[in-house]
2 protein chains.
Amino acid sequence: MEGQTVQVEVSVRQQSGDASLLRRLNSAAILRILREAGVATLSELARAARVSRPTAEVIVDELVAEGWAEECDEEQGDRQRGRPAKRFRFRASAGHVAGVGIGAGTLRAMVADLNGTIVAAAEAPAYEAMTVPERLDAVAALVRGTAADAGLAVDRLAAVGVGTTGVVDGAGRVVKSVILPGWTGLDLQGELAGRLPAPVLVENDMRLAVLAEHWRGAAQGHDDVVYLFTGHRLGLGLLVGGRPHRGAHAASGEIGRQSGEHWQVFRHLVGYAMEVEPGELRSHQQAAEFAVERARAGDGRAVRAVRDFARNLGEGLVTLVNPLDPEMVVIGGSLARAGDLLVGPIQAHLDECCLYPPKVVASGLGSDCIALGAVRWALDHADHLLFS
Amino acid sequence: MEGQTVQVEVSVRQQSGDASLLRRLNSAAILRILREAGVATLSELARAARVSRPTAEVIVDELVAEGWAEECDEEQGDRQRGRPAKRFRFRASAGHVAGVGIGAGTLRAMVADLNGTIVAAAEAPAYEAMTVPERLDAVAALVRGTAADAGLAVDRLAAVGVGTTGVVDGAGRVVKSVILPGWTGLDLQGELAGRLPAPVLVENDMRLAVLAEHWRGAAQGHDDVVYLFTGHRLGLGLLVGGRPHRGAHAASGEIGRQSGEHWQVFRHLVGYAMEVEPGELRSHQQAAEFAVERARAGDGRAVRAVRDFARNLGEGLVTLVNPLDPEMVVIGGSLARAGDLLVGPIQAHLDECCLYPPKVVASGLGSDCIALGAVRWALDHADHLLFS
DNA sequence: CCAATTACACAAGAAGCTTTGTTAAGTACG
DNA sequence: CGTACTTAACAAAGCTTCTTGTGTAATTGG
């Protein structure tokens, strides 16, 4: 805070304006600085925003009056020499957002304040057999309940971010989905906005997952990231220049049903499981987890199967890493728990085949990942309103 | 121009400022509107910029005084009823930029005004045997000569964009290059800046090529584009969200030496050429052009070789198209002249393997592509200075 | 030649920021 | 314990820029 300005890249429309624009700009700048600094005095804010102190004073008074900032009167230990300054703090509880992850078997929701601190979280079961309205109602009820846990009504939420599988277009319609029955063609944004009196933002789950990794996960500080989800299915989320990449048809990352063999990777694990226990019928995920477990226990064939699986993933990743040149590859999904068993061979393959091999890491976020990304997405929306 | 504002996304630092910022902002907005409108009256500018007429008048007077705009007094045919308005025009000749493409065998340069109109173009031969200083001197001489053709000294250029093969880092250093001898490790930006008294911007040639396609080529209006160069080598340039994608190590698109077989595509064509005329020693490019020529003439084996080649390219592209979801694939380089012979099979393969197949088209820009992209790159830099 | 229409020009006023000066509230040190 | 120093808060004056409003200039149509 000593003199250097906090400079953040923000996309602003080329705008013209009258004097009130100046106030909006300065007010937004000071609010942003205040939030990033945590606690600051008027002088510090004025210096950082390159504004005179009287101006900073007027602006902070406004912010306090509107509830965006508050004075914190606790005395600081390290006193300076002169008259002690008032200290101000961003009032994170001035607004809240929710994030939701809609899975086939589980619904998760979180509510966070404007600092991104999670103040409530909940989950609810979902079932394959649910009709679409039942599922939508369950989502709405979960959001209402989670908000209530945080002491909030839904109409107090600045935004509700929603993550779902499938291709989601710019208007929040599910153009295509093969996981959730009846989901294809659904106007998810419209249906949820009808049930929840708050702005609803729908996005593809893989894009939210990579956003979560960038925010609180393994990819902090890295703006070009490939996120690979391995669990009951394969998924891909790309972060390009710090932002989730959507693509022309919002179908970026849809590698599931392509005909090449690079991404048809489960056969090794399913094959192994079938071989060891032919009677059991297993899903991809169950077979994979079974194989990983046995590999950990030291079963040579299982180790080989996992290694082949990892190698296949690595081959698929190479086709993407060389053209894209990301800083990092994050492995997420339930198989991320395999850790080095999976990451090691993938890293080795990338090291071998890439000019600039990115670092490969396993996600540590677990199953809250998508809801967390949805929170971040909703916060981005709220920030945009706050700092415009 | 009737009332609607011209709104352009510009990346601006979150800034605070005093009243002069307002003037800069409004001035930039009006200048931008004026350039996009071509010719406009004061009232039109005031309406479009959402500014009062007196303000618009003062600003335009300033712009005229500084040389960025000029009054065009030619009488318009479609007279309105009342007092005729003064008409103003963006003064494109207030600034110029240069764009340079450094190839192994040819150097190309162009000079354009601030509207992007090419006012001079030239090329010079280059040789494999040239030392690095010789090549740099030749580039500098070509830029000087082309600028002189346009009636300009080099120090009047607002920017000189330079495209080269190889991995070019953010500071304009060539981190790696296998085409040009001695190029690896060269501080190209520094060397050229020492020879040319103007801001020099160095960028990878594939990124400039895709920029050119987006500006004046086949990809106009499409913000997510994969550009595939096929000629003496393979190259890839990605346009993501309207901007060239660089990647974490500025190595985006470096697919040349990866070990997978998808991109090792010349073997079909070289094999064919060897088979037909075993004595001749040919480069990849020569073999490819020979095969394309014979295929056009109706040679069945040549047609098959080209089809296999195209299919291989298609397979490589699929690994990229599905994760990235571009709107368009542009085929550039000397083999783009093969046209449908190449585009047809690639499009067919993408149609078969992609959820949302992008349109595949052959570039129509020819060999000026990189210099043209360098001009656009330099113009972007100049615009940034102009509209900040 | 006059009315209607449109654009230009100037003056007054409001909003916002900065600078300058004064008062208030602490600490450091003899 | 009191004086001097340091820093913050407050107030007033002045500058820049934009807007609104009123009057003037230039052209067309009847």
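Just so it is clear: chains get the letters A, B, ... in the order the sequence lines come, proteins before strands, and each one is counted from 1.
One can place CG of A:Leu21 at 16 Å from C1' of C:dA14, the figure rounded to the nearest angstrom. With rounding to whole Å, B:Asp61 atom CG is found 17 Å from C:dA7 atom P. In this structure, CG of A:Leu25 is placed 16 Å from P of D:dT17, rounded to the nearest angstrom. Residue A:Arg47 contributes atom CZ, which lies 11 Å from atom C1' of D:dT7 at whole-angstrom precision. Counting to the nearest Å, the P atom of C:dT19 and the CZ atom of A:Arg50 are 13 Å from each other. One interatomic measurement links the two molecules: CD of A:Glu44 to P of D:dA9, which rounds to 11 Å at whole-angstrom precision. A straight line from CD of B:Glu71 to C1' of C:dA7 spans 13 Å, rounded to a whole angstrom. The CG atom of A:Leu45 sits 11 Å away from the P atom of D:dA9 (whole-angstrom rounding).
Between the B:Asp224 side chain and the B:Gly241 main chain, a donor and an acceptor come within less than 3.5 Å of each other.
For C:dC17, one of the phosphate oxygens OP1 or OP2 lies less than 4.0 angstrom from a side-chain nitrogen or oxygen of A:Arg23. The side chain of A:Asn26 contributes an N or O atom lying less than 4.0 Å from OP1 or OP2 of C:dC17. The phosphate of D:dT19 (OP1 or OP2) has a side-chain N or O of B:Thr55 nearer than 4.0 angstrom.
Comparing B:Ile59 and A:Lys86 by the nucleotide of DNA chain D whose heavy atom lies nearest to each, the residue mapping closer to the 5' end is A:Lys86.
No contact: A:Val58 has no heavy atom under 4.0 Å from any strand. Residue B:Ser52 is classed as a base contact, given a heavy-atom separation below 4.0 Å to a base.
Looking only at atom types and distance, the side chain of B:Asp18 has a donor-acceptor partner in the side chain of B:Ser20 under 3.5 Å away.
Of the candidates C:dG26, C:dT18, C:dC8, C:dC8 carries the atom nearest the B:Arg83 side chain, counting heavy atoms from C-beta on. Nearest to the side-chain atoms of B:Val51 among the listed nucleotides D:dT19, C:dA24, D:dA26 stands D:dT19. Relative to the side chain of B:Pro54, the nucleotides D:dA25, D:dC18, C:dC10 differ in distance, and C:dC10 lies closest. When each of C:dG16, C:dA25, C:dC8 is scored by its nearest atom to the side-chain atoms of B:Leu42, the top-ranked nucleotide is C:dC8. Residue B:Ala85 has its side chain nearest to C:dC8 when only C:dC8, D:dT17, D:dA8 are considered. Listed nucleotides D:dT17, C:dC17, C:dC8 differ in distance to A:Leu22; the shortest reach to its side chain belongs to C:dC17.
Taking both residues in full, the closest heavy atoms of A:Ala46 and A:Ala56 are given as CB-CB, 3.8 Å, listed atom of the first, atom of the second, then distance.
Salt-bridge check for B:Asp383 with B:Arg376: passed, with a basic side-chain N closer than 4.0 Å to an acidic carboxylate O.
A distance of 9.5 Å separates CZ of A:Phe90 from CG of A:Leu63, quoted to the nearest 0.5 Å.
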